[in-house]
Number of protein chains: 2
Amino acid sequence: MARKKTSREEILKHSIKLFKLNGYYNTSMANIADACGLIKGSIYHHFKSKEEIGLESLKYIHKYFEENIYSIAYRKDLSNLKRIELFVKKTDDYFLHSEGGCLLGNLALEVSSENILFKDEIRNYFLNWEKALAHILQVNYSEGKSIELAKEYVALTQGAIMMMTLYNSSESYLKVGQKIIALIK
Amino acid sequence: MARKKTSREEILKHSIKLFKLNGYYNTSMANIADACGLIKGSIYHHFKSKEEIGLESLKYIHKYFEENIYSIAYRKDLSNLKRIELFVKKTDDYFLHSEGGCLLGNLALEVSSENILFKDEIRNYFLNWEKALAHILQVNYSEGKSIELAKEYVALTQGAIMMMTLYNSSESYLKVGQKIIALIK
DNA sequence: GTCTATATCAAGATAGAC
DNA sequence: GTCTATCTTGATATAGAC
(Lines give C-alpha, C1' and ligand atoms only; values in the text may rest on other atoms or scores of the structure.)
Protein backbone atom coordinates (compact mmCIF):
# COMPACT_ATOMS: atom_id res chain seq x y z
CA MET A 1 0.00 0.00 0.00
CA ALA A 2 1.53 3.28 -1.12
CA ARG A 3 1.77 6.07 1.41
CA LYS A 4 -0.39 9.10 0.88
CA LYS A 5 1.11 11.82 -1.24
CA THR A 6 1.02 15.21 0.38
CA SER A 7 0.49 18.13 -1.96
CA ARG A 8 2.01 21.60 -1.65
CA GLU A 9 -1.49 22.99 -1.20
CA GLU A 10 -2.23 20.65 1.69
CA ILE A 11 0.93 21.76 3.48
CA LEU A 12 0.04 25.40 2.85
CA LYS A 13 -3.45 24.94 4.29
CA HIS A 14 -2.11 23.40 7.49
CA SER A 15 0.62 26.04 7.73
CA ILE A 16 -1.85 28.88 7.30
CA LYS A 17 -4.00 27.56 10.13
CA LEU A 18 -0.99 27.24 12.44
CA PHE A 19 0.42 30.66 11.50
CA LYS A 20 -2.96 32.29 12.21
CA LEU A 21 -3.50 30.55 15.54
CA ASN A 22 0.03 30.53 16.95
CA GLY A 23 1.99 33.08 14.93
CA TYR A 24 4.61 32.67 12.21
CA TYR A 25 7.75 32.56 14.37
CA ASN A 26 6.06 30.48 17.02
CA THR A 27 5.19 27.80 14.46
CA SER A 28 8.02 25.36 13.74
CA MET A 29 8.64 23.09 10.77
CA ALA A 30 7.98 20.22 13.19
CA ASN A 31 4.56 21.70 14.05
CA ILE A 32 3.73 21.95 10.35
CA ALA A 33 4.95 18.43 9.67
CA ASP A 34 2.92 17.07 12.60
CA ALA A 35 -0.24 18.70 11.27
CA CYS A 36 0.42 17.08 7.89
CA GLY A 37 1.19 13.67 9.39
CA LEU A 38 4.79 13.93 8.24
CA ILE A 39 8.22 14.31 9.79
CA LYS A 40 9.86 17.69 9.52
CA GLY A 41 12.56 16.68 7.08
CA SER A 42 9.90 15.62 4.58
CA ILE A 43 8.53 19.12 4.26
CA TYR A 44 11.74 20.17 2.53
CA HIS A 45 10.86 17.97 -0.43
CA HIS A 46 7.98 20.41 -1.11
CA PHE A 47 9.39 23.74 0.07
CA LYS A 48 12.97 24.87 0.24
CA SER A 49 12.58 26.83 3.48
CA LYS A 50 10.17 28.01 6.14
CA GLU A 51 10.31 31.48 4.60
CA GLU A 52 9.03 30.05 1.33
CA ILE A 53 6.10 28.45 3.15
CA GLY A 54 5.36 31.79 4.82
CA LEU A 55 5.46 33.76 1.59
CA GLU A 56 3.45 31.15 -0.33
CA SER A 57 0.88 31.15 2.47
CA LEU A 58 0.44 34.90 2.12
CA LYS A 59 0.15 34.60 -1.67
CA TYR A 60 -2.33 31.75 -1.36
CA ILE A 61 -4.73 33.82 0.75
CA HIS A 62 -4.15 36.94 -1.33
CA LYS A 63 -5.05 34.97 -4.48
CA TYR A 64 -8.21 33.63 -2.83
CA PHE A 65 -9.33 37.17 -2.04
CA GLU A 66 -8.51 38.41 -5.55
CA GLU A 67 -10.47 35.62 -7.23
CA ASN A 68 -13.41 35.31 -4.87
CA ILE A 69 -13.92 38.73 -3.29
CA TYR A 70 -12.07 41.66 -4.86
CA SER A 71 -13.21 40.54 -8.33
CA ILE A 72 -16.83 41.13 -7.31
CA ALA A 73 -16.19 44.87 -7.37
CA TYR A 74 -15.50 44.75 -11.11
CA ARG A 75 -18.40 42.53 -12.19
CA LYS A 76 -20.50 44.20 -14.88
CA ASP A 77 -23.46 41.83 -14.53
CA LEU A 78 -24.37 43.19 -11.09
CA SER A 79 -25.81 46.48 -9.88
CA ASN A 80 -23.63 48.57 -7.63
CA LEU A 81 -25.75 47.70 -4.61
CA LYS A 82 -25.58 43.97 -5.41
CA ARG A 83 -21.81 44.25 -5.75
CA ILE A 84 -21.29 45.78 -2.32
CA GLU A 85 -23.76 43.36 -0.74
CA LEU A 86 -22.02 40.33 -2.24
CA PHE A 87 -18.59 41.76 -1.44
CA VAL A 88 -19.56 42.15 2.21
CA LYS A 89 -21.28 38.76 2.38
CA LYS A 90 -18.21 36.95 1.02
CA THR A 91 -15.89 38.88 3.36
CA ASP A 92 -18.10 38.10 6.36
CA ASP A 93 -18.40 34.42 5.39
CA TYR A 94 -14.64 34.17 5.17
CA PHE A 95 -13.74 35.81 8.47
CA LEU A 96 -16.60 34.33 10.47
CA HIS A 97 -15.21 30.90 9.61
CA SER A 98 -11.54 31.82 9.79
CA GLU A 99 -10.10 30.55 13.05
CA GLY A 100 -7.35 32.92 14.16
CA GLY A 101 -8.44 35.97 12.19
CA CYS A 102 -6.76 37.38 9.10
CA LEU A 103 -3.41 35.83 8.19
CA LEU A 104 -2.14 38.95 6.44
CA GLY A 105 -3.34 41.26 9.21
CA ASN A 106 -1.69 39.06 11.83
CA LEU A 107 1.63 38.91 10.01
CA ALA A 108 1.46 42.64 9.25
CA LEU A 109 1.86 43.20 12.99
CA GLU A 110 4.15 40.28 13.79
CA VAL A 111 6.79 40.43 11.09
CA SER A 112 9.59 42.99 11.16
CA SER A 113 9.48 45.69 8.50
CA GLU A 114 12.86 44.42 7.37
CA ASN A 115 11.16 41.35 5.90
CA ILE A 116 10.49 43.11 2.61
CA LEU A 117 9.08 40.09 0.77
CA PHE A 118 6.39 39.50 3.38
CA LYS A 119 5.59 43.18 3.87
CA ASP A 120 5.21 43.81 0.12
CA GLU A 121 2.77 40.94 -0.26
CA ILE A 122 0.78 42.15 2.74
CA ARG A 123 0.72 45.75 1.53
CA ASN A 124 -0.53 44.68 -1.91
CA TYR A 125 -3.25 42.54 -0.35
CA PHE A 126 -4.58 45.56 1.55
CA LEU A 127 -4.06 47.99 -1.36
CA ASN A 128 -6.09 45.75 -3.67
CA TRP A 129 -8.80 45.39 -1.03
CA GLU A 130 -8.99 49.18 -0.76
CA LYS A 131 -8.97 49.59 -4.54
CA ALA A 132 -11.84 47.15 -4.98
CA LEU A 133 -13.97 48.84 -2.33
CA ALA A 134 -13.15 52.29 -3.71
CA HIS A 135 -14.16 51.12 -7.20
CA ILE A 136 -17.64 50.31 -5.95
CA LEU A 137 -17.92 53.50 -3.93
CA GLN A 138 -16.90 55.69 -6.87
CA VAL A 139 -20.37 55.42 -8.37
CA ASN A 140 -21.72 57.40 -5.41
CA TYR A 141 -18.68 59.37 -4.26
CA SER A 142 -15.75 61.33 -5.68
CA GLU A 143 -12.51 59.47 -6.29
CA GLY A 144 -10.81 61.00 -3.26
CA LYS A 145 -13.75 60.36 -0.95
CA SER A 146 -14.11 56.80 -2.22
CA ILE A 147 -10.48 55.99 -1.43
CA GLU A 148 -10.80 57.61 1.98
CA LEU A 149 -13.92 55.61 2.81
CA ALA A 150 -12.39 52.40 1.49
CA LYS A 151 -9.28 52.85 3.64
CA GLU A 152 -11.44 53.52 6.66
CA TYR A 153 -13.50 50.39 6.16
CA VAL A 154 -10.54 48.14 5.58
CA ALA A 155 -9.01 49.47 8.81
CA LEU A 156 -12.29 49.08 10.67
CA THR A 157 -12.67 45.53 9.37
CA GLN A 158 -9.18 44.60 10.54
CA GLY A 159 -9.80 46.17 13.94
CA ALA A 160 -13.08 44.30 14.24
CA ILE A 161 -11.36 41.01 13.34
CA MET A 162 -8.70 41.72 15.98
CA MET A 163 -11.38 42.18 18.64
CA MET A 164 -13.39 39.21 17.42
CA THR A 165 -10.31 36.99 17.70
CA LEU A 166 -9.28 38.40 21.06
CA TYR A 167 -12.71 38.00 22.66
CA ASN A 168 -13.79 34.84 20.81
CA SER A 169 -16.96 36.64 19.82
CA SER A 170 -18.29 37.53 16.40
CA GLU A 171 -21.27 39.63 17.41
CA SER A 172 -19.71 43.04 16.80
CA TYR A 173 -17.95 42.08 13.60
CA LEU A 174 -20.89 41.95 11.24
CA LYS A 175 -21.94 45.54 11.86
CA VAL A 176 -18.91 46.70 9.92
CA GLY A 177 -20.25 45.26 6.70
CA GLN A 178 -23.69 46.76 7.20
CA LYS A 179 -22.14 50.19 7.52
CA ILE A 180 -20.35 49.85 4.20
CA ILE A 181 -23.55 48.75 2.51
CA ALA A 182 -25.35 51.77 3.97
CA LEU A 183 -22.90 54.00 2.12
CA ILE A 184 -24.29 52.80 -1.21
CA LYS A 185 -27.96 52.55 -0.36
CA MET B 1 34.82 53.19 37.88
CA ALA B 2 31.70 51.19 38.64
CA ARG B 3 29.75 49.79 35.72
CA LYS B 4 26.37 51.29 35.03
CA LYS B 5 23.50 49.66 36.83
CA THR B 6 20.69 48.67 34.52
CA SER B 7 17.21 49.01 35.98
CA ARG B 8 14.26 46.72 35.35
CA GLU B 9 12.44 49.63 33.74
CA GLU B 10 15.30 50.27 31.30
CA ILE B 11 15.24 46.64 30.20
CA LEU B 12 11.47 46.78 29.80
CA LYS B 13 11.67 49.90 27.63
CA HIS B 14 14.19 48.30 25.29
CA SER B 15 12.21 45.06 25.22
CA ILE B 16 8.97 46.85 24.38
CA LYS B 17 10.58 48.61 21.44
CA LEU B 18 12.00 45.34 20.10
CA PHE B 19 8.76 43.41 20.63
CA LYS B 20 6.82 46.09 18.76
CA LEU B 21 9.24 46.31 15.85
CA ASN B 22 10.21 42.66 15.43
CA GLY B 23 7.62 40.64 17.30
CA TYR B 24 7.76 38.82 20.62
CA TYR B 25 8.95 35.39 19.46
CA ASN B 26 11.33 36.92 16.93
CA THR B 27 13.07 38.90 19.69
CA SER B 28 15.70 36.91 21.60
CA MET B 29 17.19 37.48 25.02
CA ALA B 30 20.44 38.25 23.17
CA ASN B 31 18.65 40.98 21.18
CA ILE B 32 17.32 42.49 24.40
CA ALA B 33 20.71 42.27 26.10
CA ASP B 34 22.40 43.91 23.08
CA ALA B 35 19.95 46.82 23.19
CA CYS B 36 20.74 47.27 26.90
CA GLY B 37 24.50 47.00 26.39
CA LEU B 38 24.59 43.76 28.37
CA ILE B 39 25.26 40.11 27.69
CA LYS B 40 22.26 37.81 27.62
CA GLY B 41 23.01 35.99 30.84
CA SER B 42 22.91 39.26 32.74
CA ILE B 43 19.26 39.84 31.95
CA TYR B 44 18.37 36.90 34.20
CA HIS B 45 19.56 38.87 37.21
CA HIS B 46 16.56 41.19 36.62
CA PHE B 47 13.92 38.85 35.18
CA LYS B 48 13.53 35.14 35.70
CA SER B 49 12.41 34.39 32.13
CA LYS B 50 11.56 35.87 28.76
CA GLU B 51 7.90 35.26 29.52
CA GLU B 52 8.21 37.49 32.59
CA ILE B 53 9.68 40.26 30.44
CA GLY B 54 6.82 39.85 27.97
CA LEU B 55 4.12 39.99 30.64
CA GLU B 56 5.76 42.90 32.49
CA SER B 57 6.04 44.76 29.18
CA LEU B 58 2.30 44.38 28.61
CA LYS B 59 1.56 45.52 32.16
CA TYR B 60 3.93 48.48 31.84
CA ILE B 61 2.10 49.84 28.79
CA HIS B 62 -1.31 49.01 30.25
CA LYS B 63 -0.42 50.97 33.39
CA TYR B 64 0.74 53.93 31.30
CA PHE B 65 -2.61 54.04 29.53
CA GLU B 66 -4.56 53.71 32.80
CA GLU B 67 -2.67 56.55 34.44
CA ASN B 68 -2.27 58.94 31.53
CA ILE B 69 -5.20 58.32 29.18
CA TYR B 70 -8.08 56.21 30.54
CA SER B 71 -8.11 58.29 33.73
CA ILE B 72 -9.02 61.39 31.72
CA ALA B 73 -12.50 59.94 31.15
CA TYR B 74 -13.22 60.09 34.90
CA ARG B 75 -11.89 63.60 35.63
CA LYS B 76 -14.52 65.76 37.27
CA ASP B 77 -12.68 69.05 36.65
CA LEU B 78 -13.24 68.88 32.90
CA SER B 79 -16.30 69.25 30.70
CA ASN B 80 -17.32 66.23 28.68
CA LEU B 81 -16.07 67.81 25.48
CA LYS B 82 -12.71 68.64 27.06
CA ARG B 83 -12.44 65.08 28.30
CA ILE B 84 -12.92 63.51 24.89
CA GLU B 85 -10.62 66.08 23.26
CA LEU B 86 -7.83 65.43 25.76
CA PHE B 87 -8.40 61.68 25.60
CA VAL B 88 -7.99 61.74 21.83
CA LYS B 89 -5.02 64.11 21.92
CA LYS B 90 -3.12 61.91 24.38
CA THR B 91 -3.95 58.77 22.38
CA ASP B 92 -2.81 60.41 19.15
CA ASP B 93 0.38 61.73 20.75
CA TYR B 94 1.19 58.28 21.99
CA PHE B 95 0.65 56.34 18.78
CA LEU B 96 2.10 58.97 16.45
CA HIS B 97 5.37 58.63 18.35
CA SER B 98 5.16 54.88 18.95
CA GLU B 99 7.46 53.11 16.49
CA GLY B 100 5.96 49.72 15.66
CA GLY B 101 2.37 50.49 16.60
CA CYS B 102 0.51 49.21 19.66
CA LEU B 103 2.32 46.56 21.71
CA LEU B 104 -0.87 45.02 23.02
CA GLY B 105 -2.55 45.04 19.62
CA ASN B 106 0.49 43.42 18.03
CA LEU B 107 0.73 40.69 20.64
CA ALA B 108 -3.04 40.16 20.52
CA LEU B 109 -2.54 38.86 16.99
CA GLU B 110 0.84 37.20 17.44
CA VAL B 111 0.44 35.21 20.62
CA SER B 112 -1.47 31.96 20.75
CA SER B 113 -4.75 32.00 22.67
CA GLU B 114 -3.26 29.30 24.87
CA ASN B 115 -1.03 31.92 26.47
CA ILE B 116 -3.65 32.86 29.02
CA LEU B 117 -1.50 35.27 31.04
CA PHE B 118 -0.72 37.41 27.99
CA LYS B 119 -4.23 37.23 26.56
CA ASP B 120 -5.86 38.24 29.85
CA GLU B 121 -3.66 41.29 30.19
CA ILE B 122 -4.37 42.29 26.58
CA ARG B 123 -8.11 41.78 26.95
CA ASN B 124 -8.21 43.93 30.10
CA TYR B 125 -6.23 46.67 28.38
CA PHE B 126 -8.85 46.85 25.61
CA LEU B 127 -11.81 46.42 27.97
CA ASN B 128 -10.64 49.35 30.10
CA TRP B 129 -10.06 51.44 26.99
CA GLU B 130 -13.64 50.71 25.89
CA LYS B 131 -15.01 51.39 29.37
CA ALA B 132 -13.30 54.78 29.56
CA LEU B 133 -14.57 55.86 26.16
CA ALA B 134 -18.07 54.57 26.95
CA HIS B 135 -18.03 56.54 30.20
CA ILE B 136 -17.54 59.78 28.29
CA LEU B 137 -20.10 58.89 25.64
CA GLN B 138 -22.76 58.05 28.22
CA VAL B 139 -23.48 61.72 28.78
CA ASN B 140 -24.82 61.94 25.23
CA TYR B 141 -25.88 58.35 24.52
CA SER B 142 -27.61 55.41 26.19
CA GLU B 143 -25.45 52.89 28.00
CA GLY B 144 -25.82 50.29 25.27
CA LYS B 145 -25.13 52.73 22.48
CA SER B 146 -22.12 54.14 24.33
CA ILE B 147 -20.53 50.71 24.68
CA GLU B 148 -21.26 49.93 21.04
CA LEU B 149 -19.66 53.19 19.88
CA ALA B 150 -16.70 52.74 22.21
CA LYS B 151 -16.05 49.23 20.89
CA GLU B 152 -16.28 50.49 17.34
CA TYR B 153 -13.76 53.27 17.93
CA VAL B 154 -11.27 51.09 19.73
CA ALA B 155 -11.44 48.66 16.80
CA LEU B 156 -11.15 51.48 14.28
CA THR B 157 -8.16 52.91 16.15
CA GLN B 158 -6.39 49.56 16.15
CA GLY B 159 -7.11 49.07 12.46
CA ALA B 160 -5.81 52.55 11.72
CA ILE B 161 -2.63 51.86 13.70
CA MET B 162 -2.16 48.63 11.75
CA MET B 163 -2.38 50.52 8.45
CA MET B 164 -0.20 53.36 9.72
CA THR B 165 2.49 50.86 10.72
CA LEU B 166 2.20 48.86 7.50
CA TYR B 167 2.43 51.88 5.19
CA ASN B 168 4.75 54.01 7.33
CA SER B 169 2.26 56.82 7.06
CA SER B 170 0.31 58.62 9.75
CA GLU B 171 -1.94 60.77 7.58
CA SER B 172 -5.06 58.63 7.85
CA TYR B 173 -4.69 57.85 11.52
CA LEU B 174 -5.68 61.18 13.02
CA LYS B 175 -9.11 61.23 11.39
CA VAL B 176 -10.20 58.49 13.76
CA GLY B 177 -9.90 60.77 16.76
CA GLN B 178 -11.78 63.58 15.09
CA LYS B 179 -14.68 61.24 14.45
CA ILE B 180 -14.91 60.31 18.12
CA ILE B 181 -14.85 63.98 19.12
CA ALA B 182 -17.65 64.69 16.65
CA LEU B 183 -19.84 62.24 18.56
CA ILE B 184 -19.79 64.53 21.58
CA LYS B 185 -19.95 67.92 19.90
C1' DG C 1 25.36 43.79 38.82
C1' DT C 2 27.88 42.01 35.06
C1' DC C 3 30.84 38.86 33.34
C1' DT C 4 32.65 34.02 31.28
C1' DA C 5 31.41 29.64 30.47
C1' DT C 6 28.38 26.12 29.78
C1' DA C 7 24.24 23.10 29.89
C1' DT C 8 20.24 21.88 27.41
C1' DC C 9 17.09 21.93 24.03
C1' DA C 10 14.73 23.01 19.79
C1' DA C 11 15.07 25.25 15.60
C1' DG C 12 16.00 25.17 10.39
C1' DA C 13 18.06 22.48 7.11
C1' DT C 14 20.57 18.49 4.45
C1' DA C 15 22.12 13.56 2.93
C1' DG C 16 21.04 9.38 1.67
C1' DA C 17 18.34 4.85 2.37
C1' DC C 18 13.94 2.87 1.17
C1' DG D 1 7.53 11.01 -1.44
C1' DT D 2 8.73 9.82 3.11
C1' DC D 3 11.77 8.07 6.19
C1' DT D 4 16.14 7.87 9.57
C1' DA D 5 19.92 10.18 10.91
C1' DT D 6 22.63 14.03 11.45
C1' DC D 7 24.58 18.80 11.10
C1' DT D 8 24.67 23.45 12.63
C1' DT D 9 22.96 27.18 14.71
C1' DG D 10 20.68 29.84 17.93
C1' DA D 11 17.44 29.79 21.62
C1' DT D 12 16.39 29.89 26.88
C1' DA D 13 18.46 29.35 30.99
C1' DT D 14 22.00 28.40 34.92
C1' DA D 15 26.54 28.35 37.76
C1' DG D 16 29.99 30.60 39.58
C1' DA D 17 34.02 34.08 39.20
C1' DC D 18 34.89 39.02 39.63
Got a sec, which residues hit salt bridge (Lys or Arg N to Asp or Glu O under 4.0 Å) with [X], two or more places apart in sequence or on another chain?
X	answer
B:Lys90	none
A:Glu171	none
B:Glu121	none
A:Asp93	A:Lys89

Selection: residues 111-122 of chain A, any non-hydrogen atom under 4.0 Å of DNA chain D: none
So, with a heavy-atom separation below 4.0 Å from DNA chain D, the residues of residues 43-50 of chain A are A:His45, A:His46
Less than 3.5 Å apart, which donor and acceptor atoms pair up between the side chains of residues 76-83 of chain B and the rest of the protein, not counting sequence neighbours?
residue, atom, partner, partner atom, Å
B:Asp77, OD1, B:Arg75, NE, 3.1
B:Asp77, OD2, B:Arg75, NH2, 2.8
B:Ser79, OG, B:Lys82, N, 3.1
B:Asn80, ND2, B:Ile136, O, 3.0
B:Arg83, NE, B:Arg75, O, 2.9
B:Arg83, NE, B:Leu78, O, 3.3
B:Arg83, NH1, B:Ala73, O, 3.3
B:Arg83, NH2, B:Arg75, O, 3.3

The side chain of [X] lies closest to which of these nucleotides: [options]?
X	options	answer
A:Ile39	C:dA11, D:dT12, D:dC3	D:dC3
A:Met29	D:dA11, C:dG12, D:dC3	C:dG12
A:Thr6	D:dC3, C:dT2, D:dT2	D:dT2

Just grab all the side chain to side chain donor-acceptor pair (under 3.5 Å) pairs involving residues 63-74 of chain A, residues at least two apart or on different chains. A:His62-A:Glu66, A:Lys63-A:Glu67, A:Glu66-A:Asn128
Presence of salt bridge, A:Glu148 and A:Lys151, under 4.0 angstrom: no
Whether A:Lys179 and B:Glu152 form a salt bridge (side-chain N of Lys/Arg under 4.0 Å from carboxylate O of Asp/Glu) is what I want to check. yes
May I ask you to say what B:Ser7 touches in the nucleic acid, namely base, sugar-phosphate or nothing, with a heavy-atom cut-off under 4.0 Å? nothing
Sugar-phosphate, base or nothing in reach of A:Ser42, heavy atoms under 4.0 Å: base
For B:Thr91, check side-chain hydrogen bond (donor to acceptor under 3.5 Å, both in side chains) against everything at least two apart and list the hits. none
Residue list, side-chain hydrogen bond (donor to acceptor under 3.5 Å, both in side chains) with A:Asn115, at least two apart or on another chain: none
Separation of atom [atom1] in [X] from atom [atom2] in [N], rounded to whole Å:
X	N	atom1	atom2	value
B:Ile53	D:dA11	CD1	P	14 Å
B:Asp34	D:dG10	CG	P	13 Å
B:Glu51	D:dT12	CD	P	12 Å

Members of residues 11-26 of chain B that approach DNA chain C, where some heavy atom sits under 4.0 Å away: none
Pairing residues for A:Tyr60 by the ring-ring contact (aromatic ring centres under 6.0 Å, His included) criterion, not counting sequence neighbours: none
